[in-house]
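Here the structure comes first, spelled out in structure tokens, and everything after it is commentary.
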Amino acid sequence: MKFDLFATQIEWLRSLMPWNQLEKEKKALRGIMEQRRRIITADKVEEYSQVIIERIEQMRHFKEAKVIALYYPVHNEVNVKPLIEKYWQTKTILLPVAHRHRKMELRPYRGEELMRHGRYNIPVPLTEKYSGPIDLIIVPGVAFDEHCNRLGRGGGYYDKFLKNHRYTYTLGVCYDNQIRKHQDVPHSDFDKPVNKVVTPSRVYESE
């Protein structure tokens, strides 16, 4: 009985911690914003994705980048596969591989024949781990705000990765209904926003 009471008190104290409250806010928003993304039709996903790709291709940071970290889209995320397929032979295109304990490594893309399904059933390259410099990182997000703060899937992989590459130029990509206008995405002082967010209708830039 005493142990049950003590455990309840500990849980109550944890609920008062700012960090725990922040995580609760992120979780609640994540559920709403994931639903917004998943209701977009396949035709609209391709239409919006093409507009976003065209915007990215016109950006100086993309044109000049020799090594680009991208992602393999799942669950209605912005489809950046045309970028992967178009540029992997002229630029080094890196894709993430998730491991346990929120560890993520990048591997060069070398064609679909060298891909397999990895953790979370997301296709990953069978190539060796890349450990060199990166010129540009393009990341998905469940939500972004007008200040380019990002809400991820919840696994923490990209949060840790972006912190370790805080001096690399970063682009977030999402649909217009994933932007939190006039409201901040829940974040702490330690969370670094991406440099720009590209949507079908406009480009947001962090201050």
Side-chain angles (χ1 to χ4, degrees), residues 4-41 44-45 48-49 52 69-80 96-105 119-122 137-207:
D4 291 341
L5 180 60
F6 179 73
T8 302
Q9 290 173 330
I10 291 295
E11 190 61 33
W12 175 72
L13 288 172
R14 283 178 176 171
S15 70
L16 298 180
M17 295 171 64
W19 178 86
N20 203 43
Q21 183 60 35
L22 179 66
E23 291 305 306
K24 287 183 178 180
E25 292 176 11
K26 286 183 177 181
K27 184 177 180 180
L29 180 60
R30 189 175 289 116
I32 295 170
M33 303 305 281
E34 282 184 340
Q35 281 298 110
R36 286 190 180 185
R37 188 189 66 218
R38 291 184 184 232
I39 63 174
I40 300 174
T41 64
K44 287 298 182 182
V45 166
Y48 296 153
S49 297
I52 290 171
L70 268 161
Y71 64 92
Y72 203 98
V74 294
H75 307 312
N76 258 20
E77 290 175 330
V78 174
N79 183 13
V80 294
V97 180
H99 298 293
R100 293 181 179 180
H101 309 299
R102 299 184 179 182
K103 291 184 178 179
M104 187 174 85
E105 68 179 46
R119 198 172 180 83
Y120 307 113
N121 206 34
I122 298 174
I137 302 172
I138 299 176
V139 298
V142 174
F144 292 90
D145 63 28
E146 294 179 305
H147 305 291
C148 299
N149 294 303
R150 174 183 176 272
L151 179 68
R153 297 169 181 160
Y157 292 96
Y158 267 108
D159 292 331
K160 186 175 181 180
F161 174 74
L162 292 175
K163 285 177 184 177
N164 291 335
H165 294 82
R166 60 175 60 248
Y167 298 111
T168 303
Y169 201 85
T170 50
L171 290 179
V173 293
C174 70
Y175 308 113
D176 290 303
N177 69 350
Q178 292 176 271
I179 294 290
R180 293 264 291 177
K181 295 182 178 179
H182 313 302
Q183 288 180 296
D184 285 342
V185 163
H187 64 282
S188 72
D189 293 337
F190 298 101
D191 293 325
K192 181 180 181 295
V194 295
N195 294 106
K196 289 182 179 179
V197 178
V198 186
T199 76
S201 69
R202 63 173 289 185
V203 176
Y204 298 85
E205 189 166 359
S206 60
E207 299 176 352

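- For the atom pair CG (Asn79) and OH (Tyr48), the distance works out to 15.0 Å, reported to the nearest 0.5 Å.
- Without hydrogens or angle criteria, Asp145 side chain to Val185 main chain gives a donor-acceptor distance under 3.5 Å.
- Atoms OG and OH, from Ser201 and Tyr175 in turn, are 13.5 Å apart once rounded to the nearest 0.5 Å.
- Between His165 and Phe161, the two ring planes are tilted [angle within 30° to 60°].
- Separation of atoms CG (Asn177) and CE (Met33) is listed at 6.5 Å; rounding is to 0.5 Å.
- Looking at Asn195 and Thr170, their side chains do bring a donor and an acceptor atom within 3.5 Å of each other.
- One finds the CD atom of Gln183 at 10.5 Å from the NE2 atom of His147 (value rounded to the nearest 0.5 Å).
- Nearest heavy-atom pair, Tyr72 versus Glu77, reported as atom, atom and distance to 0.1 Å: O-OE1, 4.1 Å.
- Looking only at side-chain heavy atoms (C-beta outward), Lys192 and Lys163 stay at 4.5 Å or farther from each other.
- With a 4.5 Å cut-off on side-chain heavy atoms, Lys196 and Tyr169 count as touching.
- Listed for the Tyr71 side chain is no donor-acceptor partner under 3.5 Å among the backbone atoms of Ile138.
- Here the closest non-hydrogen pair linking Phe144 and Val197 is CD2-CG2, 3.6 Å.
- Closest non-hydrogen pair, Lys103 versus Lys160, comes out as CG-NZ, 4.3 Å.
- Of the options Leu171, Val139, Ile137, a side chain to side chain contact (heavy atoms under 4.5 Å, CB included) to Val194 is made by Val139 and by none of the others.
- Taking each heavy atom of Ile52 and Cys174 in turn, the nearest pair found is CD1-O, 3.4 Å.
- Side-chain atoms of Asn76 come within 3.5 Å of backbone atoms of Ile40 as a donor-acceptor pair (strictly under, hydrogens ignored).
- Note that CD of Glu34 is 10.0 Å distant from CG of Leu29, once rounded to the nearest 0.5 Å.
- Ion pairing between a basic and an acidic side chain is recognised when a charged N comes within 4.0 Å of a carboxylate O; Asp176 and Arg202 show no such pairing.
- Residues Leu151 and Lys26 are in side-chain contact: their nearest non-hydrogen atoms beyond the backbone lie under 4.5 Å apart.
- In this structure, the side chain of Gln178 engages the main chain of Val142 through a donor-acceptor pair within 3.5 Å.
- Met104 places a side-chain heavy atom less than 4.5 Å from the side chain of Pro96.
- Annotation for Cys148 and Tyr204: closest pair SG-O, 3.6 Å, computed over non-hydrogen atoms.
- Asp184 pairs by the side chain to side chain donor-acceptor pair (under 3.5 Å) definition with nothing, not counting sequence neighbours.
- The heavy-atom pair separating Arg150 from Pro140 by the smallest distance is NE-O, 2.7 Å.
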